[in-house]
Amino acid sequence: MPVYKRILLKLSGESLMGAQKYGLDTAVLNSYATQIKAVVDSGVQVGIVIGGGNIFRGLSGVKKGFDRVKGDQMGMLATVINSLALQTALEGEGAKAKVLTSIRMEPIGELYSKAKALELMAGGCVVIIAGGTGNPYFTTDTASALRGVEIEAEVLLKGTRVDGVYTADPEKDPTATKFSTITFDEVYDRKLKVMDLTAFTMCKENDLPIVVFDMDTPGNLCKIVDGESIGTVVKNA
């Protein structure tokens, strides 16, 4: 029996690359789609925000001479490509999925609104919210926090390639230990990297807990929704 009725799932664009150096790995897309469909079939309403780093990242464009606003707009378009790819994978699994965009883009996707998102989710449709916040200078982490608060999700699930929050980067420090639970304030004090500060503050102030987990291990998403202790829970004290 799921412990959540509505979730916001944040996926990184980089995770969609799989073992590739760029673009989309269909095996990863299909694996994610299978996991998401299983959660929807259990009765959970699902909203999703995806990054675009596998195609274009605004800040990396700035380093190459792009104007920041134009670079971020290009990054927003990258998230739309990823969202359409995930929608296709979900529909291939027999799930209902709809892309809503933060900037007007018909017929690619309908313009996002809270009311439309809630209506679709109530009908068993996975809602993929593309285009970030629709504004430059904000990351897709911030977009996921914003949309999570807006749609009144009970939890923000941040699917990454790391299985939680550690005392240090586990890929660089073999002595790093994982937290099962940690407070927002502890993350601040320890200067740990979970999400960017704007996103993190929004979650803290709106009492939206974050679960950081490994999305690449099939079944983890269902386990979290069913209440198993997977990854790291970040919440207010």
Side-chain angles (χ1 to χ4, degrees), residues 4 6-17 32 46-54 56-60 62 68 71-72 75-76 78-79 82-83 86 102 112 128-173 176-216 220-221 224-225 230-237:
Y4 300 114
R6 185 181 301 144
I7 65 171
L8 191 293
L9 175 63
K10 168 61 167 58
L11 299 173
S12 72
E14 287 89 343
S15 67
L16 300 181
M17 291 190 295
Y32 286 5
V46 180
I48 300 176
V49 170
I50 312 177
N54 56 318
F56 190 88
R57 184 183 292 278
L59 280 175
S60 64
V62 171
R68 174 67 190 267
D72 282 355
M76 291 176 210
T79 72
N82 285 341
S83 296
L86 182 60
S102 57
Y112 165 82
I128 308 167
I129 307 167
T133 66
N135 299 287
Y137 296 96
F138 291 97
T139 67
T140 51
D141 272 355
T142 299
S144 65
L146 173 63
R147 301 312 182 199
V149 171
E150 279 186 328
I151 67 172
E152 300 173 31
E154 295 163 287
V155 66
L156 193 162
L157 303 181
K158 183 174 169 65
T160 69
R161 65 182 183 182
V162 181
D163 64 346
V165 178
Y166 284 75
T167 52
D169 186 343
E171 295 181 349
K172 297 177 181 177
D173 184 353
T177 57
K178 189 176 88 171
F179 296 97
S180 58
T181 303
I182 188 170
T183 67
F184 286 106
D185 289 339
E186 284 180 281
V187 171
Y188 278 133
D189 293 343
R190 290 173 176 266
K191 296 182 172 59
L192 301 175
K193 181 66 176 174
V194 176
M195 303 176 86
D196 71 74
L197 199 56
T198 306
F200 199 69
T201 302
M202 178 167 282
C203 290
K204 173 180 166 55
E205 290 183 347
N206 290 279
D207 202 21
L208 177 63
I210 305 166
V211 178
V212 181
F213 73 105
D214 174 16
M215 181 70 183
D216 290 339
N220 270 358
L221 183 60
I224 289 173
V225 168
I230 301 290
T232 300
V233 179
V234 186
K235 60 182 180 179
N236 284 318

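On a predicted model such as this, the values are computed, not experimentally measured, just so you know.
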Asks: Between Ile182 and Leu192, is any pair of side-chain heavy atoms under 4.5 Å apart?
Replies: yes
Asks: Does any N or O in the side chain of Thr232 come within less than 3.5 Å of the main-chain N or O of Phe179, such that one atom is a donor and the other an acceptor?
Replies: yes
Asks: Between Thr79 and Ile50, does the side-chain contact (heavy atoms from CB on, under 4.5 Å) criterion hold? Intermediate values first, please.
Replies: CA-CA 6 Å; Thr79 72; Ile50 312 177; 5.5 Å; no
Asks: How close do Gly159 and Met215 get, heavy atom to heavy atom, and via which atoms?
Replies: CA-CB, 3.8 Å
Asks: Just by distance, with hydrogens left out, do Asp196 and Thr142 show a side-chain donor and acceptor under 3.5 Å apart?
Replies: yes
Asks: Determine the minimum heavy-atom distance between Gly131 and Met76, stating which atoms define it.
Replies: O-CG, 3.5 Å
Asks: To the nearest 0.5 Å, how far apart are CG in Leu208 and OG in Ser144?
Replies: 8.5 Å
Asks: Can you find a pair of side-chain heavy atoms, one from Asp185 and one from Lys204, that are under 4.5 Å apart?
Replies: yes
Asks: Between Tyr188 and Thr201, is any pair of side-chain heavy atoms under 4.5 Å apart?
Replies: yes
Asks: Is it true that a side-chain atom of Arg147 and a backbone atom of Gly47 form a donor plus acceptor pair closer than 3.5 Å?
Replies: no
Asks: Testing the basics here: between Phe138 and Asp72, what is the closest heavy-atom pair and its distance to 0.1 Å?
Replies: N-OD2, 4.5 Å
Asks: Ile230 and side-chain contact (heavy atoms from CB on, under 4.5 Å): which single residue from Asp214, Asp163, Asn220 fits?
Replies: Asn220
Asks: In the structure I gave you, are the side-chain heavy atoms of Leu16 and Tyr32 within less than 4.5 Å of one another anywhere?
Replies: yes
Asks: With a 4.5 Å heavy-atom cut-off, do Leu86 and Leu11 have their side chains touching?
Replies: yes
Asks: With a 4.5 Å cut-off on side-chain heavy atoms, are Val234 and Phe200 touching?
Replies: yes
Asks: How long is the span from the CG atom in Leu156 to the CG atom in Leu8, to the nearest 0.5 Å?
Replies: 5.0 Å
Asks: For a quick test of reading the model, state the closest non-hydrogen atom pair linking Pro170 to Val162 and the distance between them.
Replies: CG-CG1, 4.0 Å
Asks: Give the minimum heavy-atom separation between Phe56 and Gly71, together with the two atoms involved.
Replies: CE2-O, 3.4 Å
Asks: For the pair Thr167 (side chain) and Ala176 (backbone), establish whether a donor and an acceptor sit closer than 3.5 Å, ignoring hydrogens and angles.
Replies: no
Asks: Any idea which heavy atoms bring Asn54 and Met17 closest together, and the distance?
Replies: CB-CG, 3.2 Å
Asks: State, with a plain yes or no, whether a side-chain heavy atom of Ile129 is found less than 4.5 Å away from one of Ser102.
Replies: no
Asks: Are more than 12 heavy atoms from other residues, nucleotides or ligands located less than 6.0 Å from atom NZ of Lys178?
Replies: yes
Asks: Between Lys158 and Asp141, is a salt bridge (Lys or Arg N to Asp or Glu O under 4.0 Å) present by the stated rule, with each step listed?
Replies: CA-CA 9 Å; Lys158 183 174 169 65; Asp141 272 355; 3.2 Å; yes
Asks: Does Ser12 reach the main-chain N or O of Thr160 with its side chain, forming a donor-acceptor pair under 3.5 Å?
Replies: no
